[in-house]
Amino acid sequence: MAELTLKIEKNNPLTTTLTYEIMPDEHKAAKRGIPPKTDFNAWYPFIVEAAELVDKRYPIKGMDVWMPYGWKAMRLIDGITHSEMERTGHGEVRFPLLIPYNLLDKENALVSKLKAARDAGVDPSEMRMDEVAEGFSKEVYWVKNAGENELDVPMFLRPTSETAMYTLFPLWIRSHADLPLKTYQVVNTFRYETKQTRSFIRVREIHFFEAHTAHVDEDDATKQIEEDLQIVDNLMKELGLTVIKTRRPVWDTFPGAWYTIAIDVIMPDGRALQIASCHHYRDQWAQAFDVKYEDIDGEQKYVHQTTYGMSERLMGAVIGIHGDGKGVVFPPHVAPTQAVIVPILTKDRKNEVMEISAEIKDRLWKAGIRTELDDRDIRPGQKYYDWEIKGVPLRIEIGPRDLDNESVMLVYRDGMKDSTVIKEVESGVKNGLDEFASRISKTAREGHEKTIKPLPKLKKKDDGDWGFTEVIEEGFVYEMAFDGNDAEAQVIEDISGLSFLGEAVKEYQTEKECIMTGKSTKKKVYLAKTY
RNA sequence: CGGAGCGUGGCGCAGUCCGGUAGCGCACUGCAAUGGGGUUGCAGGGGUCGCAGGUUCAAAUCCUGUCGCUCCGACCA
């Protein structure tokens, strides 16, 4: 559709008419070539480049170049994470990118040990056919040469940092006085993705946040997970996102984790995007890496560990959830530019308008509002479209008419219009941005709720196979009461074409009938297509 | 890692079948008027046609190889 519009020729009524027939409502957006958001697979990649968040032209699949505007937004998101880490007493560390291959032995030993234990101790009916723990071996980048020599011990680029960190943890942890050890780092990690990549959502060089903690016992580690989930809540509030928290099914748990809590958002196409996860390792990794401490009674004990991970998927979620047909919509907390001043210049009062605009920019900046003055010599309308596509929450219009009234026009990214007297522009803008933040959070929450439906009832068909009483619609996440085993879970996955996200952290208030076994349960399970 | 497709100014494309001066729209530069939702006029700049070989008087076009990307299937945050 976009192409058609771009090809409109003057004096060619046919093409012009055709365009209007196809997309009467989309015509304006299409002038920039923005696909409608309902076509999410086209909208998303277009918008991330048009808003100048990334440049995808770097010739490696899954490795985009962060552009200043996009990187600024990411840094602002990271800023929230950093301050939450500081608030909760984590220390920032930075481990090397390269990990020597032989350090993996310990990790591999752990994985195979766990697998053997699970195979031995688990009821075969609980097993899934495709259960294989292979670790990361297939998806790491290798460094096998240095200069002209082949390395004796090859190294790989970290896909995550457990191995690197837990090599040093035994040296850092001697006694119970060293615990809890709470560390985190924000680094790039690498995974050789073979699947289709997507800016921020599935990339090969990941902008990764990982917190790693060590505790005296399981209980203290569990408290850490609770703190992590509190941090997630705080972060999501600032980003205006509504999330689903689930305990991942065992078969989808990170190797060596006792359990995993995953945090997903539902993207506009109804697919779940995992944006954070917390793992409780108990002492499994500690045993593999020999991370011990001396307790109060002089006894050597293994620590209990947790990790908490996030990535630039947070950006992907913000763009996907808040964006609209005109472009990105940034929540004020993480908007690189929170307010843009567009001066309306007329020949006779140009200087006067510019002077006041610059003065207001200065005042807002001093009041802590990231403000930009767009003094480009183009028409105002063009500027509006430019800043809309970039998702700036507030546009301040200042023209001769406003000066006469000693006020300015405030136009929010969601279309809300207001005005404020110049004298009180700081407080007017601050309040306005707060209200805007609440509005987009509310819209996001409503969208989230609308996208979740109860799973249709199951029944056994004449041929003995299970089926649904209603069709599974595309574009939704489903919830159900479920208390079955892994094999039964797989049946549901197979016939629905959806994946188990896991058991909701928040259970049903009252007992319900398990969709498969009929058992009474409060367990709420989410099913979705995933990224 | 298997199957299909595509590489031509910054972006989107035409030209390739049938070899013969590399084009269009948008974007960009300069000047002027305009300026409260994509303004108009005039004048400009920019491309080893992914790369390497080959065929030919002549290659974006034909042949071979290679690299990269996109889309669909097995593995993952």
Side-chain angles (χ1 to χ4, degrees), chain A residues 1-10 12 15 27-34 41-42 45-46 49-50 52 55-63 130 132-140 159-160 189-198 200-204 206-210 248 251-255 260 262-264 272-279 307-314 316-317 326 342-350 353 376-389 395-404 408-409 411 415 417 419 499 530-531:
Chain A
M1 284 190 283
E3 287 86 335
L4 255 181
T5 310
L6 289 172
K7 282 181 193 165
I8 293 176
E9 289 166 278
K10 284 174 189 169
N12 188 338
T15 42
H27 179 248
K28 278 198 169 167
K31 185 149 190 190
R32 265 287 179 83
I34 305 180
N41 285 336
F46 184 94
E49 280 208 302
E52 295 179 332
D55 194 327
K56 290 192 286 213
R57 291 172 298 183
Y58 193 76
I60 299 180
K61 177 189 164 83
M63 293 194 189
D130 54 3
V132 185
E134 276 224 292
F136 287 114
S137 62
K138 275 189 189 163
E139 56 176 29
V140 296
T160 174
T189 64
F190 293 80
R191 293 179 198 176
Y192 181 75
E193 283 294 338
T194 55
K195 210 176 175 180
Q196 184 191 352
T197 55
R198 233 180 243 268
F200 309 131
I201 291 177
R202 168 165 259 108
V203 295
R204 282 171 161 180
I206 305 168
H207 177 69
F208 200 52
F209 156 86
E210 50 184 332
R248 280 280 190 259
W251 66 81
D252 193 24
T253 297
F254 187 77
T260 296
I263 290 88
D264 290 79
L273 178 69
Q274 186 176 333
I275 53 171
S277 51
C278 305
H279 309 286
T307 65
Y308 167 23
M310 299 191 291
S311 70
E312 69 263 67
R313 278 188 168 186
L314 291 169
K326 292 175 174 176
V342 178
I344 308 300
L345 305 172
T346 51
K347 201 170 183 178
D348 46 335
R349 300 179 68 180
K350 196 170 180 168
V353 169
R376 290 178 298 167
D377 187 20
I378 53 176
R379 293 170 73 96
Q382 211 175 80
K383 297 181 184 177
Y384 300 166
Y385 285 100
D386 283 353
W387 293 108
E388 273 163 2
I389 205 167
R395 180 173 80 233
I396 303 172
E397 297 176 24
I398 304 176
R401 288 212 295 270
D402 303 290
L403 295 190
D404 294 342
V408 292
M409 262 289 260
V411 184
K417 289 183 188 178
S419 71
S499 308
T530 60
Y531 272 96

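Heavy-atom basis, side chains included; hydrogens, waters and symmetry copies ignored. Every chain is numbered from 1, with letters handed out A, B, ... down the list of sequences.
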By the 4.0 Å heavy-atom rule, please label [X] as base, sugar-phosphate, or nothing.
X        : value
A:Arg401 : base
A:Glu210 : nothing
A:Arg395 : base
A:Gly309 : nothing
A:Val408 : nothing
A:Met409 : base
A:Ile60  : sugar-phosphate
A:Glu397 : base

Mind checking the [atom1]-[atom2] spacing from [X] to [Y]? Nearest 0.5 Å is all I need.
X        : Y        : atom1 : atom2 : value
A:Leu273 : A:Arg198 : CG    : CZ    : 10.0 Å
A:Lys195 : A:Tyr531 : NZ    : OH    : 10.5 Å
A:Ile378 : A:Lys383 : CD1   : NZ    : 6.0 Å

5'-most contact on RNA chain B: A:Arg202 or A:Thr197, nearest heavy atom basis?
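Its nucleotide being nearer the 5' end, the pick is A:Thr197.
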
5'-most contact on RNA chain B: A:Ser277 or A:Arg57, nearest heavy atom basis?
A:Arg57

Counting Watson-Crick and G-U wobble pairs only, both distances under 3.5 Å, name the nucleotide matched with [N], or none.
N     : value
B:C42 : B:G30
B:G35 : none
B:A4  : B:U70
B:C51 : B:G65

Interatomic distance at [atom1], [N] relative to [M], whole Å:
N     : M     : atom1 : answer
B:G23 : B:G15 : P     : 16 Å
B:A14 : B:U8  : C1'   : 10 Å
B:C49 : B:C24 : C1'   : 16 Å
B:G44 : B:C67 : P     : 45 Å
B:G20 : B:U29 : C1'   : 34 Å
B:G9  : B:G2  : C1'   : 36 Å
B:C11 : B:G30 : C1'   : 23 Å
B:G68 : B:C28 : C1'   : 27 Å

Can you pull every protein N or O that's under 3.5 Å from an N or O on nucleotides 27-30 of chain B?
none

[X]: partners by salt bridge (charged side-chain N to carboxylate O under 4.0 Å, His left out), with sequence neighbours left out:
X        : value
A:Arg313 : none
A:Glu210 : none
A:Arg248 : A:Asp252, A:Asp264
A:Arg57  : A:Asp55

Indicate yes or no for a side-chain donor-acceptor contact from A:Glu312 to the backbone of A:His207 under 3.5 Å, with no hydrogens or angles considered.
yes

Do A:Ile389 and A:Glu52 come within less than 4.5 Å of each other through their side chains, counting heavy atoms only?
no

Between [atom2] on [N] and [atom1] on [X], what's the gap in Å once rounded to a whole number?
X        : N     : atom1 : atom2 : answer
A:Glu139 : B:C75 : CD    : P     : 13 Å
A:Ile275 : B:A77 : CD1   : C1'   : 11 Å
A:Asn41  : B:U70 : CG    : C1'   : 13 Å
A:Glu193 : B:A74 : CD    : P     : 15 Å
A:Phe208 : B:A77 : CZ    : P     : 9 Å
A:Arg198 : B:U70 : CZ    : P     : 11 Å
A:Glu49  : B:G12 : CD    : P     : 8 Å
A:Lys326 : B:G37 : NZ    : P     : 13 Å

Taking only nitrogen or oxygen atoms into account, show me every contact under 3.5 Å that the protein makes with nucleotides 1-7 of chain B, one pair per line with its distance.
residue : atom : partner  : partner atom : Å
B:C1    : N4   : A:Thr194 : O            : 3.4

base_contact_polar (B:A77 base, A:Arg191 side chain, donor-acceptor, <3.5 Å):
yes

Is a donor-acceptor pair below 3.5 Å formed from side chain A:Glu388 to base B:G37, judging by atom type as modelled?
yes

Of all residues at least two apart in sequence or in a different chain, which pass the side chain to side chain contact (heavy atoms under 4.5 Å, CB included) check with [X]?
X        : answer
A:Arg401 : none
A:Ala276 : A:Ile263, A:Tyr308, A:Met310
A:Thr194 : A:Tyr192
A:Lys56  : A:Pro45, A:Val48, A:Glu49, A:Val54, A:Asp64, A:Ser199

Tell me every residue that passes side-chain hydrogen bond (donor to acceptor under 3.5 Å, both in side chains) with A:Glu388, counting only those two or more places apart in sequence or in another chain.
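Residues passing side-chain hydrogen bond (donor to acceptor under 3.5 Å, both in side chains) with A:Glu388: A:Arg395.
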
The side chain of A:Lys61 lies closest to which of these nucleotides: B:G37, B:A77, B:C69?
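Selected nucleotide: B:C69.
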
Atom pairs, protein N/O to nucleotides 33-35 of chain B N/O, distance under 3.5 Å:
residue : atom : partner  : partner atom : Å
B:U34   : OP2  : A:Lys347 : NZ           : 3.3
B:U34   : O2'  : A:Arg379 : NH1          : 3.4
B:U34   : O2   : A:Arg379 : NH1          : 3.2
B:G35   : O2'  : A:Leu345 : O            : 2.8
B:G35   : N9   : A:Leu345 : O            : 3.4
B:G35   : N1   : A:Asp377 : OD1          : 3.2
B:G35   : N2   : A:Asp377 : OD1          : 2.9
B:G35   : N2   : A:Ile378 : O            : 3.3

Distance test, side-chain N/O of A:Gln196 to OP1/OP2 of B:C71, below 4.0 Å
yes

Should A:Phe190 and A:Met63 be marked as a side-chain contact (heavy atoms from CB on, under 4.5 Å) after you check the CA-CA gap, both sets of side-chain angles, and the distance that decides it?
CA-CA 10 Å; A:Phe190 293 80; A:Met63 293 194 189; 4.1 Å; yes

